[in-house]
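Everything below concerns the one structure shown next.
We're numbering straight along the sequence, starting at 1. Keep in mind that this is a model prediction, so the values were computed, not measured.
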Amino acid sequence: MQPLIPRQSAHELGIQRVDNDARLSDELASVVGGARRRAVRDGDRQIDTAHLLHSLLESDPEAHSVCGEEPQIARLLGYLVQRSIGYGLRWQSGVEDSGAAPAVTETAGFSPLAAGCMEYACERAAGRGGPARGTDLLAAIVADPQARAVEVLERAGINPREVFARLDDRSGLTEECGEATL
């Protein structure tokens, strides 16, 4: 049986590879690859913050744990899965952009907001001298209230500001522990 909607490759959709970026940890590069596959499968032209969040929750145990308790995470994953069967259909016709910052055009295949999140994650990681990890990207995603991922988090009953605060607490503890052992 032929599918009603022909499958398109990432190249045909203009979603190009950026997961070989040396500024990304191997784990985060894998998250980006998963988000790209999800965007292609959903027929979206760009990877947005909801694609990135979904991939983070599935691939990164630390990002998964900082988002909340299991009932909330289950609800959140349910909303993210529904994206391809109705919840996110209204997003397919528009580009995710908060308008808060100029659009980043260097990261082809990402919505302007998702591209900005990738840059923020790399800058956050550079501050500690390492490649960007999943928690860096999660901090970037929850920092902008206009992100599609933030809308989904809020609908699932997860406060993005609390997630950001937990991430800041963890990064402070990690840095303090690292300094103490040196």
For this session: Mind listing the closest non-hydrogen atom pair of F110 and A115 along with its distance?
Result: CB-N, 3.7 Å

Exercise. Is a side-chain donor or acceptor of S55 paired with a backbone partner of H51 at a separation under 3.5 angstrom?
Worked result: no

Exercise. Looking at side-chain heavy atoms only, is the closest gap between R133 and R124 below 4.5 Å?
Worked result: no

Exercise. Is the shortest heavy-atom distance from the side chain of D48 to the side chain of L113 under 4.5 Å?
Worked result: no

Exercise. Taking atom CG of L52 and atom CG of L137, what is their separation to the nearest 0.5 Å?
Worked result: 5.0 Å

For this session: Please lay out, stage by stage, how S111 and I47 fare under the test side-chain contact (heavy atoms from CB on, under 4.5 Å).
Result: CA-CA 6 Å; S111 72; I47 298 167; over 6 Å; no

Problem set entry | E69 with R75: basic N within carboxylate O range, under 4.0 Å | no

Seminar exercise, completed: Closest non-hydrogen atoms of G134 and D60, given as atom of the first, atom of the second and distance, are CA-OD2, 3.2 Å

Which atom pairs, donor and acceptor, lie under 3.5 Å between side-chain atoms of residues 156-167 and protein residues at least two apart or in another chain?
unit_1	atom_1	unit_2	atom_2	d
N159	OD1	R161	N	2.8
N159	OD1	E162	N	3.4
R166	NE	V66	O	2.8
R166	NH2	V66	O	2.9

Exercise. Is the shortest heavy-atom distance from the side chain of R170 to the side chain of E62 under 4.5 Å?
Worked result: yes

Seminar exercise, completed: In terms of heavy-atom contacts, P131 and D136 come closest through O-OD2, 4.1 Å

Problem set entry | Closest heavy-atom pair and its distance - A50, L80 | O-CD2, 3.8 Å

For this session: Let me see the working for V31 and E27 under side-chain contact (heavy atoms from CB on, under 4.5 Å), right down to the final yes or no.
Result: CA-CA 6 Å; V31 165; E27 294 80 13; 5.8 Å; no

For this session: Take V142 and L53 through the test side-chain contact (heavy atoms from CB on, under 4.5 Å) and record every step on the way to the result.
Result: CA-CA 10 Å; V142 299; L53 177 63; over 6 Å; no

For this session: Kindly give the heavy-atom pair with the smallest separation between T135 and A63, and that separation in Å.
Result: CG2-N, 4.2 Å

Exercise. Between I73 and E70, is any pair of side-chain heavy atoms under 4.5 Å apart?
Worked result: yes

Exercise. Looking at CD of Q82 and OH of Y79, how far apart are the two atoms once the value is rounded to the nearest 0.5 Å?
Worked result: 7.0 Å

Seminar exercise, completed: Scanning both residues in full, the closest heavy-atom pair of L57 with C67 reads CD2-SG, 3.9 Å

Exercise. When H54 is tested against each of T49, V152, V81 for side-chain contact (heavy atoms from CB on, under 4.5 Å), which residue passes?
Worked result: V81

Exercise. Can you tell me how far the CG atom of L76 sits from the CG atom of L153, to the nearest 0.5 Å?
Worked result: 5.5 Å

Exercise. Any side-chain heavy atom of M118 within less than 4.5 Å of one from L24?
Worked result: yes

Problem set entry | By salt bridge (charged side-chain N to carboxylate O under 4.0 Å, His left out) - contacts of E58 (at least two apart) | R38

For this session: For the residue pair R23 and E119, establish whether any side-chain heavy-atom pair is separated by less than 4.5 Å.
Result: yes

Exercise. Hey, are the side chains of C117 and D144 touching, using non-hydrogen atoms and a 4.5 Å cut-off?
Worked result: no

